[in-house]
Each structure stands twice: as C-alpha cells, then as structure tokens.
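Throughout, protein chains are lettered first and strands after them, A, B, ... in sequence-line order, and every chain is numbered starting at 1.
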2 protein chains.
Amino acid sequence: MRVLSKATVYGLRALVYMASERERTGYVSIGEIAEKLNISFHFLTKTFQTLTQHGILESYRGPNGGVALTKPAEQLFLTDIVHVLEGADFFDKCLLGLPGCGVEAPCPVHDFWKEAKRAMKEEFDITSLAELGEKVSDERFRLVA
Amino acid sequence: MRVLSKATVYGLRALVYMASERERTGYVSIGEIAEKLNISFHFLTKTFQTLTQHGILESYRGPNGGVALTKPAEQLFLTDIVHVLEGADFFDKCLLGLPGCGVEAPCPVHDFWKEAKRAMKEEFDITSLAELGEKVSDERFRLVA
DNA sequence: TGTATTTAAGACAATTTTGTCCCAAAACTA
DNA sequence: TAGTTTTGGGACAAAATTGTCTTAAATACA
C-alpha cells in the first residue's frame with residue numbers, strides 16, 4: 001500500500017530531519033540532509049525547490065547557506081507538505097480511478113473510501129513536523145534505513 | 001491519494017463487472033468487459049492472465065470462451081485480488097518507505113500508519129466481489145466514467 | 001578581485017508503469 | 001480440414017517516475 005511518491009517521501013523525511021534539529025539556528029545545507037538520510041542530493045534538491053517555491057521552505061545561497069522552514073515546525077502539518085508535493089486533490093481521489101466519483105455517481109467502494117480518506121486527512125491535518133521531529137530527537141524513531 | 005496501480009484498478013473493475021452479471025452462466029469474454037468498461041483489451045488481458053495463474057479466474061479459449069470466477073463472488077474478497085496484483089506485502093509497507101520499519105525501529109509515523117493499514121485491511125477482508133457487484137446491478141453505482 | 005560554497009535550473013539517462021501489437025495455441029463450427 | 005473466435009505470451013513503444021550530471025547564479029571570505 002504505497003500512498004506517497006518517492007519525491008514526497010524524501011521531502012517529508014528531510015523536513016522531519018530539519019524539525020528534529022530544532023536547537024540549531026540558521027540554514028541547513030541540502031548536502032548535509034541528503035548525506036544524513038542517505039538520499040540523492042540532486043533529487044532532494046529538486047523537491048526542495050518545489051517546497052521553496054510554495055512557501056514551505058526559504059533558501060539562501062553561498063557559504064553557510066541552505067534551507068530553513070518558513071514557519072515554526074509546530075505550524076507545518078503533513079497536509080501542507082502533501083498538498084504541495086502530491087497536489088491539492090490528494091485526499092479527493094476515487095479508489096477505482098473514476099474521474100467524477102461522488103454522491104452523484106459513486107463507484108461501489110465510494111462510501112468506504114470516503115471515510116478512509118477522511119480519517120487519513122484528519123491525521124495529516126493535526127500531525128506537525130514538530131511532533132515528528134521530536135520523536136526522532138527522542139531516538140526511539142528513525143528516518144533512515 | 002493513489003493506492004492502487006492502474007493494472008489493479010482495471011482488474012478490480014472488471015471483476016466487479018463480472019460479479020454484477022450474476023445471472024449469466026458460462027464464460028464472459030475479455031473483449032466484452034474491456035468494451036463495456038472502456039479499458040484497453042490487451043492491458044486487461046495481461047492482468048487477467050495473472051489472475052488466472054493465481055486461481056482467481058479460470059479461462060477457456062475459443063468461441064463462447066472467456067473467463068469466469070473460480071469461486072462464487074461471495075467468497076472472493078478485495079484482499080484476495082490485491083494480494084495477487086499488488087503483492088502479498090500490500091498492507092505491510094512503511095509510509096516513509098523504510099525497509100524494516102516495525103516495533104524495533106519504527107519511523108515517526110509508524111503507529112498511525114499501522115492503524116490506518118489495519119482499518120483498511122479489515123474492510124478489504126470483508127468486502128466481497130458479490131457485494132460490490134450487487135451495488136452495480138442496483139444501478140446507483142457505476143464502474144465507468 | 002578571485003575563489004570556494006551553496007542553491008537554481010535544466011538537460012539527460014535509467015527504470016518502472018502503462019499501453020499497443022503480433023502471432024501462437026486452443027477450441028468451436030461448418 | 002479449413003476458418004473463426006478467443007485466450008496466452010511475448011515483443012515493443014509510450015509515458016511517467018526516479019536518478020544523475022552540468023552549468024549558472026548568488027553569496028561569503030580572503
């Protein structure tokens with residue numbers, strides 16, 4: 001059951017890593033993150049550019065440059081990231097791929113899937129990068145194989 | 001939020017269509033299904049071959065041939081189909097893509113995701129092709145755009 | 001001013017998924 | 001037996017995703 005693209009997975013892991021380094025001030029370099037999380041630097045850079053263009057990150061070039069969250073991690077939720085990286089219709093798709101699936105003309109699994117999406121979105125709405133970052137700082141949780 | 005590949009989506013829709021034609025006896029031709037559901041005949045054929053090889057369908061060649069469910073639609077559940085088309089580990093994957101994510105070394109969203117997968121699997125376990133086929137026969141639900 | 005560091009951006013390749021096509025094999029019909 | 005229908009299976013193409021690389025632009029610092 002794969003729900004997120006690799007681009008989104010890498011982006012999320014990287015953001016949580018940043019949130020887990022809470023005490024640090026200033027920018028974190030993409031190279032450091034890529035190395036720590038063992039993911040492709042160039043690939044992550046592209047995902048981060050998307051996040052920067054959509055106001056999740058701000059970036060700064062040159063020595064001691066890098067990226068930083070535009071808001072406190074307490075105010076950035078999974079839904080925000082997923083909306084940017086997967087599209088605004090992320091929680092609004094038919095399980096059977098039918099275009100206008102809805103109350104008008106639902107597919108046979110519409111009701112169940114609607115509820116599953118609602119529960120999922122609810123959790124994504126309240127889960128902040130700060131919460132996940134803390135878990136990682138606490139050691140018992142990991143971001144890398 | 002895309003959970004199933006197109007191959008699986010097409011396969012599922014086709015199986016539900018077959019279940020919805022309950023009164024019919026004998027084989028249903030793949031060509032008919034593909035036409036009715038407006039999906040690629042060749043693509044569907046490949047998916048159906050997989051289902052045949054795994055005992056979900058039985059096939060018969062020649063005039064009046066086609067495919068048929070090996071068991072009554074009441075005894076075929078979404079989990080069975082998904083296991084064949086998506087793999088046996090379908091309900092066992094980490095949201096962040098980490099290989100051995102589990103109680104030992106969980107990712108920071110492990111607990112939530114575990115519960116979401118459990119709820120999803122529970123529904124897939126109890127939803128039969130018969131149930132979905134009936135909904136489609138009842139007209140209020142559709143399988144095609 | 002020149003060099004090193006770091007993100008920005010795009011070209012390009014590799015891989016996976018999706019889709020198309022052709023021919024063989026099986027079965028029926030005349 | 002010949003011809004038609006239908007699935008089986010593989011080759012192949014197209015598209016999307018993932019991954020790599022190169023160059024440019026911005027910034028700091030000596």
Contact residues, residues 51-59 of chain B to DNA chain C [heavy atom, < 4.0 Å]: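 Those residues: none at all.
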For nucleotides 12-18 of chain D, just jot down a letter per nucleotide in 5' to 3' order: B, S or -, based on protein non-hydrogen atoms under 4.0 Å. ------S
For B:F77, check ring pair (Phe, Tyr, Trp, His ring centres under 6.0 Å) against everything at least two apart and list the hits.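 Ring pair (Phe, Tyr, Trp, His ring centres under 6.0 Å) list for B:F77, sorted by chain: empty.
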All ring pair (Phe, Tyr, Trp, His ring centres under 6.0 Å) counterparts of B:Y10, not counting sequence neighbours: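 Checked B:Y10 against ring pair (Phe, Tyr, Trp, His ring centres under 6.0 Å); matches are B:F43.
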Please output the side-chain donor-acceptor pairs of residues 14-23 of chain B that fall under 3.5 Å, not counting sequence neighbours, one pair per line with the distance.
residue, atom, partner, partner atom, Å
B:Y17, OH, B:E32, OE2, 2.6
B:Y17, OH, B:K36, NZ, 3.2
B:S20, OG, B:Y17, O, 2.6
B:E21, OE1, B:R24, NH1, 2.6
B:R22, NH2, B:E74, OE2, 2.6

Distance in Å, B:C107 SG paired with B:L96 CG, rounded so as to fall on 0.5 Å steps: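 Those atoms lie 4.0 Å apart.
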Once side-chain hydrogen bond (donor to acceptor under 3.5 Å, both in side chains) is applied, what residue pairs with a partner in residues 85-94 of chain B remain, sequence neighbours excluded?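 Found B:S5-B:E86, B:T8-B:E86.
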Would you mind listing every side-chain hydrogen bond (donor to acceptor under 3.5 Å, both in side chains) that reaches into residues 44-58 of chain A, with sequence neighbours excluded?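 The answer is none; no pair qualifies.
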Among all residues two or more places apart in sequence or in another chain, which pass the salt bridge (Lys or Arg N to Asp or Glu O under 4.0 Å) test with A:K135?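 In terms of salt bridge (Lys or Arg N to Asp or Glu O under 4.0 Å), with neighbours along the sequence ignored, A:K135 is linked to no residue.
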Answer yes or no: are there more than 12 heavy-atom neighbours, outside A:N64 itself, under 6.0 Å from its atom CG?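 Not more than 12 within 6.0 Å, no.
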Apart from A:Y27 itself, residues in the same hydrophobic cluster as defined by side-chain heavy atoms under 4.5 Å: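 A:Y60, which link up through side-chain heavy atoms under 4.5 Å apart, make up the rest of the cluster.
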Counting C-beta onward and ignoring hydrogens, is there a side-chain heavy-atom pair between [X] and [Y] closer than 4.5 Å?
X: A:I56; Y: A:F48; result: no
X: A:L4; Y: A:L12; result: yes
X: B:F90; Y: B:V3; result: yes

Nearest-Å distance for atom pair CD/P, residues B:E32 and D:dT5: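 Answer to the nearest Å: 16 Å.
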Can you check the A:I30 CD1 to D:dA26 C1' distance for me, whole Å?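 Those two atoms, CD1 and C1', are 14 Å apart.
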Show me the protein contacts with nucleotides 28-30 of chain D, counting only N or O atoms at under 3.5 Å.
residue, atom, partner, partner atom, Å
D:dA28, OP1, A:Y60, OH, 2.9

Would you mind listing every salt bridge (Lys or Arg N to Asp or Glu O under 4.0 Å) that reaches into residues 1-14 of chain B, with sequence neighbours excluded?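 Sorted result for residues 1-14 of chain B: empty, none.
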Does a side-chain N or O of A:S40 approach OP1 or OP2 of D:dT20 to a distance below 4.0 Å, or not?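 For D:dT20, OP1 or OP2 has a side-chain N or O of A:S40 closer than 4.0 Å.
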Taking any atom closer than 4.0 angstrom to a non-hydrogen atom of chain B, what span of DNA chain C does the protein reach, first nucleotide to last?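 Extent of the interface on DNA chain C: C:dT18 to C:dC28.
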